[in-house]
Amino acid sequence: MIPKLVRLSRGAPKDRHKAWDTYWAGITATGPGGEVLWDSGSDHEFLGYKESLLRYLDPALPVVDAGCGHGSFTRALAGIFPRVVGVDVSSHAIARARQESAGNGSPSFEARDMTAPGAGAALAESLGAGTDGANIFIRGVLHVLAPADQVALVENLRFLAGRSGTVFMAETNFQGNPVEYVSHLGATTRGIPAPLELAIRGLPMPGHFGPAERERAFPAWAWEVLEDGHTVIETNPVTGVPGQDRVPGYYAVLRPRR
């Protein structure tokens, strides 16, 4: 299987921005049976986060869904918080998020690279967040970033959170090599499910993000961990095999040290 994976991934754009925008430009269907690998089409995973979100996120502050993609979690957040904004590096992802949110007047969306210098300050100003800041929800983003981009993103989140905001993160934390990972998601020597193949062909190679990676990206001198633990990241049920649409994950709730 390794030669096939190498062949498929060889053509992926090296530029991260181009890779994600090209990927989202080609998506024609989301949800179960759609083309997005990490979209289960269900609110089951989100409901597992809901209690922690309500416990720690101040509803008086806006909530930013960082790396929102087509906005499925943004819309779920808008069901429990009064002001929610989805941001994504891909303008095509934002266009689809707006399209799929038509008729739901609560969330708004904007294209923004949250790893860029000053992105946190610019978004805080755009939101009118002031020194109180904003809450941040981030799911399935950090594990696909290089360590330097993780650090850049987290620094922007620290500025955006201000003195009152909280970060809720949930990430894939599969402890295995790439072959074991794609096999877990349904790849075999006979074939690869279409949403998985699409991701392999066009996107950066994912890693994993657990407690050790969090300690590096969110250093203890700058961040206080309020809660963390194991979770499950739910993916598109492309194979129908029980368990193949559930990936071991890690979640944490953090606040900047004031």
Side-chain angles (χ1 to χ4, degrees), residues 20 36 38-40 42-90 93-94 97-98 100-101 104 106-115 119-120 123-124 126-127 129 132-145 150 153-162 164-173 209 213-214 217-218 223-235 247 249-256:
W20 283 105
V36 180
W38 52 91
D39 178 16
S40 71
S42 163
D43 63 356
H44 183 265
E45 181 186 334
F46 179 79
L47 291 176
Y49 304 147
K50 186 175 179 179
E51 182 179 338
S52 294
L53 293 167
L54 292 173
R55 181 185 307 126
Y56 291 109
L57 273 59
D58 183 350
L61 303 180
V63 179
V64 174
D65 181 6
C68 67
H70 64 299
S72 58
F73 281 87
T74 322
R75 291 184 287 276
L77 288 162
I80 59 174
F81 292 104
R83 186 182 181 197
V84 181
V85 179
V87 299
D88 198 278
V89 70
S90 166
I94 292 300
R98 288 174 176 153
E100 294 191 5
S101 303
N104 183 338
S106 182
S108 60
F109 298 93
E110 59 177 275
R112 192 182 292 270
D113 178 8
M114 291 302 296
T115 68
L123 182 53
S126 172
L127 295 173
D132 282 341
N135 299 308
I136 298 107
F137 176 90
I138 180 166
R139 181 256 191 188
V141 175
L142 289 155
H143 80 284
V144 296
L145 294 178
Q150 291 174 353
L153 171 61
V154 170
E155 182 58 25
N156 279 316
L157 299 187
R158 188 162 74 98
F159 193 99
L160 180 59
S164 302
T166 300
V167 174
F168 179 96
M169 53 143 284
E171 292 289 333
T172 296
N173 191 30
F209 197 93
E213 290 74 24
R214 188 264 304 155
F218 294 83
W223 293 88
E224 176 186 7
V225 179
L226 305 178
E227 180 177 298
D228 72 337
H230 299 290
T231 189
V232 173
I233 303 297
E234 298 184 13
T235 65
V247 180
Y250 170 74
Y251 84 96
V253 184
L254 308 108
R255 283 188 187 139

Q) What closest approach, in Å, do A161 and P256 show between heavy atoms, and which atom pair accounts for it? A) CB-CG, 3.7 Å
Q. So, the side chain of E224 versus the backbone of R255: is there a donor-acceptor pair under 3.5 Å, distance only?
A. no
Q. Residues in salt bridge (Lys or Arg N to Asp or Glu O under 4.0 Å) with R98, at least two apart?
A. none
Q.
If the test is side-chain contact (heavy atoms from CB on, under 4.5 Å), which one of V64, L123, I94, D88 qualifies with E110?
A. L123
Q. Who are the ring pair (Phe, Tyr, Trp, His ring centres under 6.0 Å) partners of F81, not counting sequence neighbours?
A. none
Q: Could you list the residues that satisfy salt bridge (Lys or Arg N to Asp or Glu O under 4.0 Å) with D43, not counting sequence neighbours?
A: none
(Q) Show, in sequence, the C-alpha distance, side-chain angles and deciding distance for E227 and S52, and conclude whether the side-chain hydrogen bond (donor to acceptor under 3.5 Å, both in side chains) test is met. (A) CA-CA 9 Å; E227 180 177 298; S52 294; 2.7 Å; yes
**Q.** E155: partners by salt bridge (Lys or Arg N to Asp or Glu O under 4.0 Å), with sequence neighbours left out
**A.** R158
**Q.** With E213 via salt bridge (Lys or Arg N to Asp or Glu O under 4.0 Å) - residues at least two apart
**A.** none
Q. Out of H230, E171, R214, which one pairs with Y250 under the side-chain hydrogen bond (donor to acceptor under 3.5 Å, both in side chains) rule?
A. R214
Q.
To the closest 0.5 Å, what do you measure between CG (L157) and CH2 (W223)?
A. 6.0 Å
Q. How many angstroms lie between CZ in F109 and CD in E100, if you round to the nearest 0.5 Å?
A. 9.0 Å
Q) Got a second to check how far I80's CD1 is from L54's CG, nearest 0.5 Å? A) 4.5 Å
Q. At their closest point, which heavy atom of F209 faces which heavy atom of A217, and how far apart are they?
A. CZ-CB, 4.0 Å
Q. Rounded to the nearest 0.5 Å, what separation is found between the CZ atom of R139 and the CH2 atom of W38?
A. 9.5 Å
Q.
To check you understand the geometry: which heavy-atom pair defines the closest contact between L127 and P62, and what is its length?
A. CD1-CG, 4.4 Å
Q.
For the backbone of S40 and the side chain of E234, can you confirm whether one donor and one acceptor N or O come within less than 3.5 Å of each other?
A. no
Q | Taking every non-hydrogen atom, the tightest pair across P59 and P82 | A | O-CG, 3.4 Å
Q) To the nearest 0.5 Å, how far apart are OG in S72 and CG in L77? A) 9.5 Å
Q: Mind checking the CZ-CE spacing from F137 to M169? Nearest 0.5 Å is all I need.
A: 10.5 Å
Q: Spell out, as yes or no, whether a donor-acceptor pair under 3.5 Å connects the side chain of N135 to the backbone of L57.
A: no
Q: Would you check, one step at a time, whether the test side-chain contact (heavy atoms from CB on, under 4.5 Å) holds for V154 with V167?
A: CA-CA 10 Å; V154 170; V167 174; over 6 Å; no
Q: Give the minimum heavy-atom separation between R75 and S101, together with the two atoms involved.
A: NH1-OG, 2.9 Å
Q: Could you pull out the closest heavy-atom pair between S126 and R112, with the gap in Å?
A: CB-NH2, 4.0 Å
**Q.** Under 3.5 Å: donor-acceptor pair, side chain of E45, backbone of I233
**A.** no
Q.
Could you tell me if the side chain of I138 sits less than 4.5 Å from the side chain of L153, heavy atoms only?
A. yes
(Q) My understanding is that only residues two or more places apart in sequence, or in another chain, count here; which of them pass ring pair (Phe, Tyr, Trp, His ring centres under 6.0 Å) with Y49? (A) F168
